[in-house]
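Inspection log for the structure reproduced underneath, given as structure tokens.
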Amino acid sequence: MTAADEAAGSNQDKMGNHMNKHIAALTVACLAATSANAAGLPERIKSAGKVVVANQPNYPPMEYVDPATNELRGVDIDLGVALAKELGTTVEWSNIGFEQMISSLQTGRVDLIHSGMSDLPKRRDTLDFIDYMKSGAQFYTSFARKDEFKTLTDFCGKTVGMSRRTSFPDETAKWSAANCQAKGLPAIKVVGTEGSADARAQLKQGRLDAAVQGSETLPYLMDLEKDTYAVVGEPFTVVYQGIGFAKKDTELRDAYAAALKALMESGEYKAIFAKYGLEGTLLDGIHINGEAVK
């Protein structure tokens, strides 16, 4: 789930690169100097005995409520619990609307954000990200119409829906400009919906020709609703998803970086993603704000 943020300008990029190098240096020092346990946590977390995490469980298989048990499930949930355990603490999940997550972090309502949030350049103005998986925007259509769309350019001139709360509308429009209009083909008609579930409902109703959402969610949905959707081509963007921290909260960020490194080395990180069939989204090391930490 990504916000409709545009990439930062060149001045921001230069500043961001400088900041990334500074963050990387801090993180390397942290990983070398501390073990992934409660000793590396801020005093407020140790005193509380928990970390409060912003999450909205409406994005399977990343986070969702199991209808049979009413319990939280998903990649982010399993990874969040494993990270907290590695750090010697527990998780308190705070169900917060996606649009309010950053403000809730800034006001101290939550300690971090772990909810399918993409690490976008503009978000780095206010957040630091520990990236933990690859994602991308993916076109799909109804199973009944799969033979109409063999290549991505078959969507040129078609009506395509996606959550207006994400970066997908901007990304689809940019892709259309470069791959449809630039080649003399009609533009994609981008329709912003109330969410990915709304896009799927409109697709089933025939109001949309196709839809776009995160590539990591579609295998789960296709397994849940057999012969309902058909993926077309490969994702047309590449983006990292990350755990978001307030800029000032470097101690907590570095503790989580150390914990994630430990989970990668133990194999637990890979096992969590394999459980949901998402091995192809794994990263091969610690990434901070989109850059690998050596």
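Source: prediction; values computed, not measured.
One finds the CG atom of L278 at 12.0 Å from the OH atom of Y220 (value rounded to the nearest 0.5 Å). Of the inter-residue distances, the one linking T166 atom OG1 with Y59 atom OH reads 8.0 Å to the nearest 0.5 angstrom.
Salt bridge annotation for R145-D154: absent, with no cationic side-chain nitrogen under 4.0 angstrom from a carboxylate oxygen. By the 4.0 Å N-to-carboxylate-O rule, D125 lies too far from K122 to be salt-bridged with it. One finds a salt bridge joining R164 and E194 here, because a Lys/Arg side-chain nitrogen approaches an Asp/Glu carboxylate oxygen to under 4.0 Å.
Q213 and Y140 form a side-chain donor-acceptor contact under 3.5 Å, judged by distance and modelled atom types alone. No side-chain donor from either of N289 and D119 sits under 3.5 Å from a side-chain acceptor of the other. When only modelled atom types and interatomic distance are considered, S115 and Q56 share no side-chain donor-acceptor pair under 3.5 Å.
Using a distance-only test at 3.5 Å, with no hydrogens or angles considered, a donor-acceptor pair links the side chain of T141 to the main chain of D209. The backbone N or O of K226 sits less than 3.5 Å from a side-chain atom of T228, completing a donor-acceptor pair. A donor-acceptor pair is defined here as one N or O able to donate and one able to accept, closer than 3.5 Å; such a pair exists between the side chain of Q138 and the backbone of V232.
Every residue two or more places apart in sequence or in another chain was checked for a side chain to side chain donor-acceptor pair (under 3.5 Å) with S266, and none qualifies. Residues passing the side chain to side chain donor-acceptor pair (under 3.5 Å) test with K275 are D78, sequence neighbours excluded. Qualifying side chain to side chain donor-acceptor pair (under 3.5 Å) partners for S176, counting only residues two or more places apart in sequence or in other chains: Q181. With sequence neighbours left out, the side chain to side chain donor-acceptor pair (under 3.5 Å) criterion links T237 to no other residue.
Criterion: ILVMFWY side-chain heavy atoms under 4.5 Å apart, direct or through other members. Under it, M222 and L224 are part of a common hydrophobic cluster.
Here the side chains of I286 and I288 are in contact, with some heavy-atom distance below 4.5 Å. Side-chain contact between D131 and Q241 is absent, with no heavy atoms from C-beta onward closer than 4.5 Å. Under the 4.5 Å side-chain criterion, counting only non-hydrogen atoms from C-beta, V53 is not in contact with E92.
At least one cation-pi condition fails for K158 and F155: the charged atom is not both under 6.0 angstrom from the six-membered ring centre and inside a 45 degree cone around its axis.
Between E268 and A82 the shortest heavy-atom distance is OE2-CB, 3.5 Å.
Annotation: F168 is not in aromatic contact with W175 [ring centroid separation under 6.0 Å not met]. When ring centroids are compared, Y132 and H287 stay outside the 6.0 Å threshold. Ring-centre distance between Y240 and F129: not below the 6.0 Å cut-off.
Environment of NZ in K50: sparse, with no more than 12 heavy atoms of neighbouring residues, nucleotides or ligands closer than 6.0 Å. For E225, the CD atom is densely surrounded, since the number of other residues' heavy atoms within 6.0 Å is greater than 12. Within a 6.0 Å radius of CZ in R207, other residues, nucleotides and ligands contribute 12 heavy atoms or fewer. In the displayed structure, K146 atom NZ is contacted under 6.0 Å by more than 12 heavy atoms of other residues, nucleotides or ligands.
Applying the side chain to side chain donor-acceptor pair (under 3.5 Å) definition to pairs two or more places apart or across chains, those involving residues 93-106 are E99-R165. Under the disulfide (SG to SG under 2.5 Å) criterion, the residue pairs touching residues 152-262 are C156-C180, with sequence neighbours excluded.
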Inset, instruction - Step by step, work out the ring pair (Phe, Tyr, Trp, His ring centres under 6.0 Å) result for Y256 and F245. - result: CA-CA 10 Å; Y256 263 77; F245 301 84; 5.6 Å; yes
